[in-house]
Participant: 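Sharing a structure, written as structure tokens. Questions coming.
Just so it is clear, the model here is predicted, and its values are computed rather than measured.
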Amino acid sequence: MLSGLTIRGRCLLAAGVAAGVCALVLDERDLLRVSAFVIALPLLALLLTSRTRFGIAARREVVPVRIPVGGRATVRLHLSASGRLPIGGLALEDNTPHALGGRHRFRLDAVPRHGGTILEYPVSPALRGIHHIGPLRTRIDDPFGLAEFERELADRSRLIAVPHVVRLTGLPAGSGLGTGEDGATRLRAGHGEDDAVVRQYRHGDDIRRVHWKSTARRDELMVRVEERPWHAGVTVLLDRRSAAHRGTGARSSLEWAVSAVASFCLHLHQHGQQVQLITEDCAQLATGAETSGEGHDDAVLDALAAVRASPQRDLVFSRDPGAGQELIAVLGETTTAAVDELTKLRPQGTRSLAVLLDVRSWNGEGGGYDPQLAARRLRAAGWTAVVTPGPATAINTVWQQLCRETTAPESEVLP
């Protein structure tokens with residue numbers, strides 16, 4: 001109860017107690033009366049302030065509720081007086097997280113009883129995430145400044161800061177993405193020799209898969225691709241392991257990966273794909289089978305806004321991460337063991353694409369990690385792999401490289 005006293009009230013109460021003790025020791029009745037009054041004054045102020053009925057209503061409105069990192073939203077506080085007595089000298093404080101600019105304070109001389117008043121302030125999230133604004137509080141004190149109580153006027157509101165989405169163009173060739181005019185059409189064709197899907201020979205290919213007719217016609221060694229039927233869906237994998245990424249804050253390699261995954265998912269969905277979003281432990285974040293249209297995009301962005309780094313150190317899968325569908329993986333630091341884990345559960349002939357981040361560029365450390373080595377091992381296993389050299393690389397540039405590399409036998413690092 002005494003916690004509501006201000007410093008002035010505590011000092012006055014202590015002085016009254018001291019005066020009372022002295023009055024008892026010295027047997028001074030007048031001093032005892034003064035001490036009783038000094039003690040009663042802060043206690044009476046404390047009692048009246050704690051039981052004061054505060055006649056004001058408030059609600060908060062955030063417009064819009066969902067914005068990209070670096071975007072701008074407006075917070076409006078709607079205040080109205082609900083009591084008969086006028087309210088003035090009101091100090092308000094709306095608690096906002098540091099990523100939104102910290103606390104916002106207001107001082108109102110009066111709150112009209114009819115129509116109320118509106119206060120507003122802008123917020124611009126510097127970090128991706130689900131931010132909570134509020135609660136809105138005010139302080140009630142007595143005229144002498146002896147007691148003070150904090151009252152909550154409005155509860156918390158959510159502001160979702162979604163990752164930045166880049167507009168992409170084109171689709172990977174021969175993967176069955178989009179309209180399926182390449183991979184899917186070929187699979188529906190006849191089963192004769194002329195309809196076989198072939199590509200150039202790569203190191204490690206089984207010699208029994210060599211397609212001799214195409215080899216003779218093109219004068220280079222060609223192998224048959226035993227493609228599986230198209231499942232009309234794409235799985236996008238986000239590697240969120242903290243040990244696989246470098247950098248901090250909005251400029252970390254994890255944030256680049258989250259933005260890339262968001263751009264890939266929305267672009268594929270716009271081309272009619274059912275997109276499934278998973279993490280490095282095969283946990284599903286969002287699926288295109290549950291929502292459609294803008295609902296799908298919002299579900300993906302909301303899921304990615306809430307993503308946090310995982311303490312898991314290695315890539316360990318209990319099943320095929322792509323579930324038989326096309327797989328696009330955005331990976332941080334990828335060791336030899338991680339490459340083996342990625343390839344051992346993927347069915348032969350299933351299209352798999354990988355974006356490997358050269359995470360050394362995000363903190364300037366050399367280290368011993370070589371993303372080109374991981375990329376070569378993935379390509380040897382039939383993957384299409386692209387290495388992203390640093391944070392300055394545009395996501396659309398990486399996507400265009402993926403689209404080109406699906407038709408080329410070898411991949412090179414982006415310029």
Side-chain angles (χ1 to χ4, degrees), residues 128-130 162-163 233-249 252-266 268 275-288 299-347 350-363 367-375 377-379 381-388 391 395 398-399 402:
R128 169 186 56 85
I130 299 177
V162 301
V234 182
T235 298
V236 179
L237 185 149
L238 170 64
D239 180 8
R240 55 173 185 164
R241 296 172 296 144
S242 58
H245 290 279
R246 302 291 184 274
T248 58
S252 67
S253 60
L254 176 60
E255 294 305 312
W256 194 99
V258 169
S259 182
V261 165
S263 303
F264 294 171
C265 289
L266 268 60
L268 292 170
V275 182
Q276 178 182 227
L277 175 59
I278 65 172
T279 57
E280 75 291 333
D281 55 358
C282 289
Q284 189 177 84
L285 296 181
T287 173
V300 168
L301 292 176
D302 289 354
L304 289 173
V307 161
R308 292 293 177 264
S310 167
Q312 181 175 319
R313 299 195 61 84
D314 299 315
L315 288 176
V316 179
F317 300 118
S318 58
R319 57 177 175 85
D320 170 21
Q325 297 180 332
E326 307 280 352
L327 176 64
I328 302 177
V330 180
L331 306 170
E333 183 173 331
T334 309
T335 62
T336 303
V339 172
D340 294 339
E341 190 71 20
L342 280 167
T343 57
K344 71 180 182 180
L345 294 177
R346 289 292 289 158
T350 302
R351 179 72 66 174
S352 304
L353 297 84
V355 176
L356 294 102
L357 278 61
D358 188 353
V359 294
R360 301 171 299 181
S361 304
W362 267 266
N363 63 357
Y369 172 62
D370 184 7
Q372 288 293 347
L373 179 60
R377 287 173 175 159
L378 284 173
R379 293 172 195 139
W383 286 59
T384 297
V386 170
V387 176
T388 303
I395 294 174
V398 175
W399 181 255
L402 272 179

Participant: Minimum heavy-atom separation for T279 to L285, with atom names?
Facilitator: CG2-CD1, 3.6 Å
Participant: Grab the two heavy atoms, one from S259 and one from P163, that are nearest each other, plus how far apart they are.
Facilitator: CA-CB, 4.2 Å
Participant: Quick one, V162 with L304, criterion side-chain contact (heavy atoms from CB on, under 4.5 Å). Give me CA distance, side-chain angles, the key distance, then yes/no.
Facilitator: CA-CA 7 Å; V162 301; L304 289 173; over 6 Å; no
Participant: First locate atom CD1 of I395, then atom OG1 of T388, and finally report the distance between them rounded to the nearest 0.5 Å.
Facilitator: 9.0 Å
Participant: Could you give the distance from CG (L254) to CG (L357), rounded to the nearest 0.5 Å?
Facilitator: 9.5 Å
Participant: Report the C-alpha distance between F264 and V330 in whole Å, list the side-chain angles of each, state the deciding distance to 0.1 Å, and finish with yes or no for side-chain contact (heavy atoms from CB on, under 4.5 Å).
Facilitator: CA-CA 10 Å; F264 294 171; V330 180; 3.8 Å; yes
Participant: side-chain contact (heavy atoms from CB on, under 4.5 Å) for R351 and T384? Distances and angles first, verdict last.
Facilitator: CA-CA 8 Å; R351 179 72 66 174; T384 297; 4.1 Å; yes
Participant: Short question: side chain of R319, backbone of C282 - any donor-acceptor pair under 3.5 Å?
Facilitator: yes
Participant: In Å and rounded to the nearest 0.5 Å, what is the OG1 to CZ distance from T335 to R313?
Facilitator: 10.5 Å
Participant: Sort out for me which residue in H245, R246, R241 forms a side-chain hydrogen bond (donor to acceptor under 3.5 Å, both in side chains) with E333.
Facilitator: R246
Participant: Measuring from W383:CH2 to S352:OG, what's the distance to the nearest 0.5 Å?
Facilitator: 4.5 Å
Participant: Considering only NZ, NE, NH1 and NH2 on the basic side and carboxylate oxygens on the acidic side, decide whether D281 and R240 come within less than 4.0 Å.
Facilitator: yes
Participant: Walk me through it: do V300 and V275 pass the test side-chain contact (heavy atoms from CB on, under 4.5 Å)?
Facilitator: CA-CA 9 Å; V300 168; V275 182; 6.0 Å; no
Participant: Decide yes or no for V339 and T334: does some side-chain heavy atom of the first lie under 4.5 Å from some side-chain heavy atom of the second?
Facilitator: yes
Participant: Ignoring hydrogens, what is the shortest heavy-atom contact between V359 and A244? Give both atom names and the distance.
Facilitator: CG1-O, 3.3 Å
Participant: Do you know which two heavy atoms are closest between G332 and Y369, and how far apart they sit?
Facilitator: O-OH, 3.6 Å
Participant: Find out whether V234 and Q325 are in side-chain contact, i.e. whether some heavy atom of one side chain is under 4.5 Å from a heavy atom of the other.
Facilitator: no
Participant: Work out which heavy atom in T235 is nearest to a heavy atom in P321; give both atom names and the distance.
Facilitator: CG2-O, 3.5 Å
Participant: Looking only at heavy atoms, what is the nearest atom pair of R360 and D358, with distance?
Facilitator: NE-OD1, 2.8 Å
Participant: Under 3.5 Å, side chain of E341 to main-chain N/O of F317, donor-acceptor pair present?
Facilitator: yes
Participant: To the closest 0.5 Å, what do you measure between CG (L402) and CG (L353)?
Facilitator: 5.5 Å
Participant: Quickly, which of I278, L277, V261 forms a side chain to side chain contact (heavy atoms under 4.5 Å, CB included) with L237? Name it, please.
Facilitator: I278
Participant: Give, for atom CD1 of I328 and atom CG of L268, the distance between the pair rounded to the nearest 0.5 Å.
Facilitator: 5.0 Å
Participant: Under 30°, 30 to 60°, or over 60°: which ring-plane class applies to W256 and W362, parallel, tilted or perpendicular?
Facilitator: perpendicular
